[in-house]
Protein chains: 2
Amino acid sequence: MAKSKREAVDKTTEQKIKEAAQQVFTQKGYAATRTRDIAEAAGINLALLNYYFRSKEKLFEIIMMEKLARFFGTVAPLFDDPSTTLDQKISAVAEGYIDMLLQSPDLPLFVLSEIRANPERFLSKIPLAKVLESDFFRQLKTIRPDLHPVHFMMNIVSLSVFPFIMKPVLESAGIVTPKTFETIARERKKLIPQWISAMLKP
Amino acid sequence: MAKSKREAVDKTTEQKIKEAAQQVFTQKGYAATRTRDIAEAAGINLALLNYYFRSKEKLFEIIMMEKLARFFGTVAPLFDDPSTTLDQKISAVAEGYIDMLLQSPDLPLFVLSEIRANPERFLSKIPLAKVLESDFFRQLKTIRPDLHPVHFMMNIVSLSVFPFIMKPVLESAGIVTPKTFETIARERKKLIPQWISAMLKP
DNA sequence: GTCTATAACCTGATAGAC
DNA sequence: GTCTATCAGGTTATAGAC
């Protein structure tokens, strides 16, 4: 009883470590992260990290799986929803990505970098090839049979995600402030569907 | 004489190290790279690396500066060319990026990751804020005064560059083969200007 | 469960022979 | 210029006290 009360208010140590690990891993990447940094960020001792998660590697595996699920899993189902029109899918994907990335701006650079460092290891977990037979591809082929559907999938994801990859550059260079970046990102939720729609007209 | 003859045929040791360093750094990033890996890839000894370039840090600095120049320097001047129309600028940027990235597909992920790890250090070298007063922005403001010009700059760069960032994912997942990726990338040199043109119509 | 102290290992860099 | 051998420092992981 006393214990469950504590858990409801404070975070468990395991939870504190996981949250610190997320933060440090996504910001610096696996190789540049030291377990000491995570321990310090979690406000605990280094030994405790190995007590809960046997190794840096194991801890990373857990974080990475969650991040992969978040990055791919949030929008992947939208592509294969048979109850939506093409326009609805496009809006749903753009909004889904932008809303998510406004909360986790450095998710894409982290996930894509770590995949690149170890493609076979992580991609085997996620059945991405499904998009080839998705409702989305089927709809694209009927409306624009002259172009490979991958073009438009790339376009939607590019326009939604890449601004967040450029964010550190744009802000450090003084081209946008964090405030205007956020405004622009929000505007794009409505703009991207309009733009894609214009692209789809032959 | 004998020496200059050798240099014309074989590569100098310094050159071999630099090429190996480029390859390993861009593939694994600074933190995950071991100087031993570079030495091995160059076919030389670890001590020799420190003989030519005092440290891993110094060697990385050299490589990074070249990559920054390549990634930003190739297209940045095109944005501020007063002799070209807006449509010409768009075509030049898309073609410039895609042609470059077909040769160096992992340049973007490398450059953007390392900038993120150390924004102030690298961005201070490159005067990106110039784009705010560029001919490109000026032209955009006259044609679409209702939208921030950064939207369209993001769009052109996103559509050109992001496919190369997704390349490892798309290929490992079996969505495209390396061959079809290249075909698609080439097609985009003509498609992107058409798409941007369609976007710009109010 | 949590800590301090330390072991075991790895990596960048140098010394010194050739 | 190039190598082998080694040092110095830092990092992960564990042993053992509390």
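In what follows, chains carry the letters A, B, and so on, assigned in the order in which the sequence lines appear, proteins first and then strands, with residues in each chain numbered from 1. Just so it is clear, the model here is predicted, and its values are computed rather than measured.
- Rounded to an integer number of Å, the gap from CZ of A:Phe60 to P of D:dT11 is 18 Å.
- Sorted pairs that involve residues 40-52 of chain A and meet side chain to side chain donor-acceptor pair (under 3.5 Å), not counting sequence neighbours, are lacking altogether.
- Residue A:Thr35 places none of its side-chain N or O atoms closer than 4.0 Å to OP1 or OP2 of D:dA13.
- Across residues 16-28 of chain B, not one residue has a non-hydrogen atom less than 4.0 Å from an atom of DNA chain C.
- Computed from coordinates, the B:Ile44 CD1 to D:dC3 C1' distance equals 11 Å when rounded to whole Å.
- Contacts between residues 49-57 of chain A and DNA chain C, defined by a heavy-atom separation below 4.0 Å, involve A:Tyr51, A:Tyr52, listed by number.
- For the side chain to side chain contact (heavy atoms under 4.5 Å, CB included) test, residues two or more places apart in sequence or in another chain that qualify with B:Thr33 are B:Val24, B:Phe25, B:Lys28, B:Ile38.
- Salt bridge absent: B:Lys130 and B:Asp80 never bring a charged side-chain N and a carboxylate O closer than 4.0 Å.
- Listed by chain and number, the residues in a side chain to side chain donor-acceptor pair (under 3.5 Å) with A:Thr85 are A:Gln88 (sequence neighbours excluded).
- For the pair A:Ile38 CD1 and D:dT11 P, the computed distance is 13 Å after rounding to whole Å.
- If you measure from atom CG of A:Leu48 to atom P of C:dT4, you get 11 Å, rounded to the nearest angstrom.
- The pair A:Asp81-A:Lys89 fails the salt-bridge criterion, with no side-chain N (NZ, NE, NH1 or NH2) lying under 4.0 Å from an Asp/Glu carboxylate O.
- In this structure A:Arg54 satisfies the side chain to side chain contact (heavy atoms under 4.5 Å, CB included) test together with A:Lys58, sequence neighbours excluded.
- Annotation: A:Phe53 is not in aromatic contact with A:Phe60 [ring centroid separation under 6.0 Å not met].
- For the salt bridge (Lys or Arg N to Asp or Glu O under 4.0 Å) test, no residue two or more places apart in sequence or in another chain qualifies with A:Lys16.
- Tested against B:Pro149, the residues B:Leu132, B:Ile143, B:Leu140 include a single side chain to side chain contact (heavy atoms under 4.5 Å, CB included) partner, B:Leu140.
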Using distance only, find each side-chain donor-acceptor pair of residues 95-103 of chain B under 3.5 Å and give its atom names and separation, not counting sequence neighbours.
unit_1	atom_1	unit_2	atom_2	d
B:Tyr97	OH	B:Phe71	O	3.3
B:Asp99	OD1	B:Lys189	NZ	2.7

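- In the helix from C:dG1-D:dC18 to C:dC18-D:dG1, the rotation axis of the first five pairs and that of the last five pairs differ in direction by 10°, rounded to 10 degrees.
- By the side chain to side chain donor-acceptor pair (under 3.5 Å) test, B:Ser104 is found to be paired with B:Arg70, residues two or more places apart in sequence or in another chain being considered.
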Give each protein N/O atom lying under 3.5 Å from an N/O atom of nucleotides 4-6 of chain D, with the pair distance.
unit_1	atom_1	unit_2	atom_2	d
D:dT4	OP2	B:Asn45	ND2	2.9

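- Scored by the side chain to side chain contact (heavy atoms under 4.5 Å, CB included) test, A:Ala31 finds B:Ala31, B:Ala32 as partners (sequence neighbours excluded).
- A donor atom on one side chain and an acceptor atom on the other are found under 3.5 Å apart for B:Thr180 and B:Thr177.
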